[in-house]
Amino acid sequence: WSSDVCSSDLGDWQLSSPTPGAANVAVALGSASNVRVNEWLANPASGPDLIELFNNDSKPVAFGNFYLSDDVNKLNNHQIAPLSFIGPRGFQVFTADGDTDKGADHVGFKLSSSGEAVILTTSTLALIDKVTFGQQSSGISEGRIPDGSSTIRKLGRPTFGSTNIPDTDGDGIPDDWEHQYGLDPLSPDDATKDLDHDGLSNLDEYRAGTDPTKAQSGLNLAARVETSAGEEGVV
């Protein structure tokens, strides 16, 4: 998903579709109320703490000048940079290392491994989302499954910047799909195998929505072609 931030008629800067050599066209924005604190890592085995926001809207959302905090008594703990946007069904990851000099994606606080809260508010400190967590396991993040939902679980491995649907072996196939068809969610090798010997790998079958145990389960595409003479046919 691509866009630019452009001014319109010398007015306020706003999100715009790329229009080089032509007038700027503003992009329709979704509601910031659909942004969720989607994943957090408060006890990393290595590296910094992390926070992920998810835009559960089909349109991009503006959240510049909003606040992130880990303290209910100090909601304005960290202000997000102006002109910040999240794409439709997109993710934004913040590094919670307390060092804002490292960039706009670094927040001015760290998370507590013993448990606390992550709070997102508007520029006027109106609550958008809040999650509260307890003692955290080393190297294990927690998050919403599916993304943006009310169900919070420990994740098999951190998935910052991508969907929280568990894929423990990182082979592109979710754990629940591997369990459903007798594959091993701890082995990435089975993604390239062809369980039903139909010429499609298990990963291809997952992407196509077909059954990897049945060779007759296939993806059929039909296209309607219209000639210049107005004749139609299906191929």
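Because only heavy atoms are used, hydrogens play no part in the values below, and waters and symmetry mates are left out as well, while side chains stay in. Note that the structure is predicted; figures quoted are calculated from it, not measured.
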> Same cluster for L111 and I152 if Ile/Leu/Val/Met/Phe/Trp/Tyr side chains link at under 4.5 Å?
Replying inline: yes
>> Once rounded to the nearest 0.5 Å, what's the spacing between atom CG of N56 and atom CG of D147?
In response: 8.0 Å
> Would you say the side-chain atoms of N55 pair up with the backbone N or O of K59, donor to acceptor, closer than 3.5 Å?
Replying inline: yes
> Should L50 and E39 count as side-chain neighbours, where that means a heavy-atom distance under 4.5 Å?
Replying inline: no
>> With a 3.5 Å distance limit and no angle check, can you tell me whether Q135 reaches the backbone of G115 through a side-chain donor-acceptor pair?
In response: no
>> Can you give me the closest heavy-atom contact between P212 and L195, atom names plus distance?
In response: O-CB, 3.2 Å
> Quick one: do L120 and L75 end up in the same hydrophobic cluster if we chain Ile, Leu, Val, Met, Phe, Trp and Tyr together by side-chain heavy atoms under 4.5 Å apart?
Replying inline: no
> Ignoring hydrogens and geometry, is there a side-chain-to-backbone donor-acceptor pair from D194 to G199 under 3.5 Å?
Replying inline: yes
>> Please give me the minimum heavy-atom distance between K193 and D189, naming the atom from each residue.
In response: CG-O, 3.7 Å
> Any side-chain heavy-atom pair from K214 and D198 closer than 4.5 angstrom?
Replying inline: no
>> Any side-chain to backbone donor/acceptor pair from S149 onto I145? Under 3.5 Å, distance only.
In response: yes
> Do the side chains of I119 and V72 get nearer than 4.5 Å, heavy atoms only?
Replying inline: yes
> Is the backbone of S114 close enough, under 3.5 Å, to the side chain of Q136 for a donor and an acceptor to pair up by distance?
Replying inline: no
> Quick one: does N77's side chain get under 4.5 Å of D70's, heavy atoms only?
Replying inline: yes
>> Quick check: closest heavy atoms across P60 and V27, and the distance to 0.1 Å?
In response: CG-CG1, 3.6 Å
> Can R144 and D129 be counted as an ion pair, charged N to O under 4.0 angstrom?
Replying inline: yes
>> As an exercise, state the distance from CZ of F160 to CG of N38, rounded to the nearest 0.5 Å.
In response: 9.5 Å
>> I need the T210 OG1 to Q216 CD distance, nearest 0.5 Å.
In response: 11.0 Å
> What residue pairs, at least two apart or across chains, pass ring pair (Phe, Tyr, Trp, His ring centres under 6.0 Å) with a residue in residues 58-80?
Replying inline: none
> Taking only residues two or more places apart in sequence, or in another chain, which ones meet E142 in a salt bridge (charged side-chain N to carboxylate O under 4.0 Å, His left out)?
Replying inline: K154
> Can you tell me if Q79 uses its side chain to pair, donor with acceptor, with the backbone of N65 under 3.5 Å?
Replying inline: yes
> What are the two closest non-hydrogen atoms of L203 and D171, and how far apart are they?
Replying inline: CD1-O, 3.8 Å
> What heavy-atom pair brings G30 and V61 nearest, and what distance separates the two atoms?
Replying inline: C-CG2, 3.8 Å
> Does a side chain donor of either D97 or H106 reach within less than 3.5 Å of an acceptor in the other side chain?
Replying inline: yes
> With hydrophobic residues grouped by side-chain heavy-atom distances under 4.5 Å, do F85 and F91 end up in a single group?
Replying inline: no
> Taking a hydrophobic cluster as the set of Ile, Leu, Val, Met, Phe, Trp and Tyr residues connected by side-chain heavy atoms closer than 4.5 Å, whether directly or through intermediates, do V118 and L41 fall within one such cluster?
Replying inline: no
>> Please report the interatomic distance CG(L68) to CG(L53), rounded to the nearest 0.5 Å.
In response: 5.5 Å
> Below 4.5 Å, heavy atoms only, C-beta onward: do S141 and L155 meet side chain to side chain?
Replying inline: yes
> What distance separates D204 CG from I173 CD1, expressed to the nearest 0.5 Å?
Replying inline: 9.0 Å
>> Under a 3.5 Å distance rule, please check whether N164 uses its side chain to pair with a backbone N or O of P146 as donor and acceptor.
In response: no
>> Let's go through K130 and T121 carefully: what are the C-alpha distance in whole Å and the side-chain angles of both, what is the deciding distance for side chain to side chain contact (heavy atoms under 4.5 Å, CB included) to 0.1 Å, and is it a yes or a no?
In response: CA-CA 9 Å; K130 173 186 174 182; T121 57; over 6 Å; no
> Side chain of S112, backbone of E116: donor and acceptor closer than 3.5 Å?
Replying inline: no
>> With clusters defined by side-chain heavy atoms of hydrophobic residues (ILVMFWY) lying less than 4.5 Å apart, directly or transitively, does F54 cluster with I165?
In response: no
> So, the side chain of S69 versus the backbone of D71: is there a donor-acceptor pair under 3.5 Å, distance only?
Replying inline: yes
>> Is any side-chain heavy atom of L183 closer than 4.5 Å to one of W177?
In response: yes
> For F94, does its backbone N or O pair with a side-chain atom of D105 as donor and acceptor, under 3.5 Å?
Replying inline: no
>> Quick check: do I140 and N43 have side-chain heavy atoms less than 4.5 Å from each other?
In response: no
>> If you compare all heavy atoms of Q14 against all heavy atoms of A26, which two are closest, and at what distance to 0.1 Å?
In response: OE1-CB, 3.1 Å
>> Do E178 and D169 have side chains that approach each other closer than 4.5 Å (heavy atoms only, starting at C-beta)?
In response: yes
>> Before you tell me yes or no, could you show the steps for T19 and S17 under side chain to side chain donor-acceptor pair (under 3.5 Å), namely the whole-Å CA-CA distance, both residues' side-chain angles and the distance that decides it to 0.1 Å?
In response: CA-CA 6 Å; T19 56; S17 298; over 6 Å; no
> What distance do D49 atom CG and W40 atom CH2 have between them, rounded to the nearest 0.5 Å?
Replying inline: 13.5 Å
